Number of protein chains: 2
Amino acid sequence: MQVRDGSLQVLLWERAQEPDVHRWALPGGMLRLDEDIEHSIRRQLKEKVDVRQLAHVEQLAVFSAPDRVPGPRLVASAFLGLVPSDNDPEVPPDTRWHPVDDLPTTAFDHESIVRRAQHRLRSKLSYTNIGFALAPPAFTMSELREIYSAALGYSVSSTNLQRVLSRRGLLEPTGETTKPGRAGGRPAALFHFTVRGMQVTDEFAVLRPPAAKTR
Amino acid sequence: MQVRDGSLQVLLWERAQEPDVHRWALPGGMLRLDEDIEHSIRRQLKEKVDVRQLAHVEQLAVFSAPDRVPGPRLVASAFLGLVPSDNDPEVPPDTRWHPVDDLPTTAFDHESIVRRAQHRLRSKLSYTNIGFALAPPAFTMSELREIYSAALGYSVSSTNLQRVLSRRGLLEPTGETTKPGRAGGRPAALFHFTVRGMQVTDEFAVLRPPAAKTR
DNA sequence: ACAAAAGTGTTGACTTTACACCCATGA
DNA sequence: TCATGGGTGTAAAGTCAACACTTTTGT
């Protein structure tokens, strides 16, 4: 998934064969005997759709209903992969990015997989630093605000976004600023995330462990 | 998993054959063609170890490293299942409950699966009503306190536990009370959970949607 | 000077922990 | 009446959303 043109989008591939011809499917394929599933996902995205810049990949769920696809029983292990908004992989002609809120007719149970991914992403934006995987290496707070707004599906205040992320030590000014647009306005400071990999930043909303008595 | 004797325990089965003879393994088995994985798990627990009272079952993760078990490649889909502390299934002689903080030598990658399950449970105790699946149908706050403390691995105050769960509308007094022990003391009120299935009760720790303007 | 965009200060609402205190019972 | 365990009141700390206000730029 990626935030592009102000909305959260997912890369889908139009099936050319039965079953479910012309319906849109998630990229993926068969697992080789010598690789684990995450490795397989990365390989297929690279080989088939030229997506190499996955800033974050995580397991979503296994879909194992006996009738989820016609024909022989097939178990799917779904993953969520995030691409930073500044990259634009050259995808093949039969694939396209689709806004999550305006999906075409999907193949098999892929729509429910996309829904699950969207839900996971929304939740994690709140209690982890997962935003780093959607954002470019450096950004203004306005840009980050748009990314978060697109992914969450509602408007976020850049003021409060900055405060929340700063309090958690996730955000750091690079020192540089951007030029203002033609309309003028104060130049925006550039920020970047301090941590690369995903971390839980707000564990234990309640029922925290007892205070570690200082002294 | 279940809280028994004041600690969080997991049911393991001692392998009688190579590979990994005499090491302890999680219960499980092969997936049939006509069932989904959750159905399979419930079936195997029922048939093999007589565990029927699973108050909650959820997917944990897929383990797919090519060398996770010797021999032909085998992908495992791990689940977390919770048994309320008031039941004591009659398990076969080659299985035993083990405290998660004192595991025996486990087979294959099963220790990391247990760790993952423990982590998942701890997290969810904080932001969902998952405690209902560990507790008996009715309980005193002291009893619930012990269950939560065992599962979380640190001491929880029954005062605050009650308040947190009550505020969320998860807890309800049954009206009944218990007899005090021989040492005296005020009789404890009995409570039960208002909701049976798992629900997220504390979504959006931060970055909540804008207030739905009332009026 | 004015509009535009970015950033800061501040307030109020809400949670949650910690702890002092009160209540009901058996010996 | 005292010890014991259960339950309530309350204060202090922390977090967050909202919004007014200030800063910095281009025209």
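Lettering follows sequence order; numbering is per chain, from 1. Bear in mind that the values here come from a model prediction, so they are computed numbers and not experimental data.
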Quiz item: Using a heavy-atom distance cut-off of less than 4.0 Å, which residues of residues 186-193 of chain A contact DNA chain C?
Solution: A:R186, A:P187, A:A188, A:A189
Quiz prompt | Residues, nucleotides or ligands: over 12 heavy atoms within 6.0 Å of A:H98 NE2 | solution = yes
Quiz item: Counting only heavy atoms not in A:R4, do more than 12 fall under 6.0 Å of its CZ?
Solution: yes
Quiz item: Checking all strands, does A:S142 fall into the base, sugar-phosphate, or nothing category for heavy-atom contacts under 4.0 angstrom?
Solution: sugar-phosphate
Length of the [atom1]-[atom2] vector between [X] and [N], whole Å:
X      : N      : atom1 : atom2 : answer
A:L161 : D:dA18 : CG    : C1'   : 15 Å
B:L171 : D:dG6  : CG    : P     : 15 Å
A:E143 : C:dA6  : CD    : C1'   : 13 Å
B:F204 : C:dT15 : CZ    : C1'   : 18 Å
A:R145 : C:dA5  : CZ    : C1'   : 12 Å
B:Y148 : C:dT16 : OH    : C1'   : 16 Å

Practice problem: Measure up the B:F139 and B:F191 rings against each other and bin them: parallel (under 30°), tilted (30 to 60°), perpendicular (over 60°). | Solution: parallel
Practice problem: Would you mind checking if A:R68 and B:D36 are paired as a salt bridge, meaning a charged N to carboxylate O distance below 4.0 Å? | Solution: no
Self-check item: Modelled atom types, side-chain donor and acceptor of B:S40 and B:Q44, under 3.5 Å
Solution: yes
Self-check item: Any A:Q162 side-chain nitrogen or oxygen under 4.0 Å from OP1 or OP2 of C:dT8
Solution: yes
Quiz item: So, do A:S7 and A:W97 sit near enough that their side-chain heavy atoms are less than 4.5 Å apart?
Solution: no
Self-check item: Side-chain heavy atoms of A:V195 within contact of A:F132, under 4.5 Å
Solution: no
Quiz prompt | Nucleic acid footprint by protein, nucleotides 10-16 of chain D - heavy-atom cut-off 4.0 Å, B for base, S for sugar-phosphate alone | solution = B-----S
Quiz item: Starting at the 5' end of DNA chain D and moving along, which residue's nearest nucleotide shows up first, A:S157 or B:T159?
Solution: B:T159
Exercise. Check whether any side-chain N or O of B:Q59 sits under 3.5 Å from a backbone N or O of A:V62 as a donor-acceptor pair, and report yes or no.
Key: yes
Practice problem: Using the test salt bridge (Lys or Arg N to Asp or Glu O under 4.0 Å), find all partners of B:D202 that sit at least two apart in sequence or belong to another chain. | Solution: B:R168
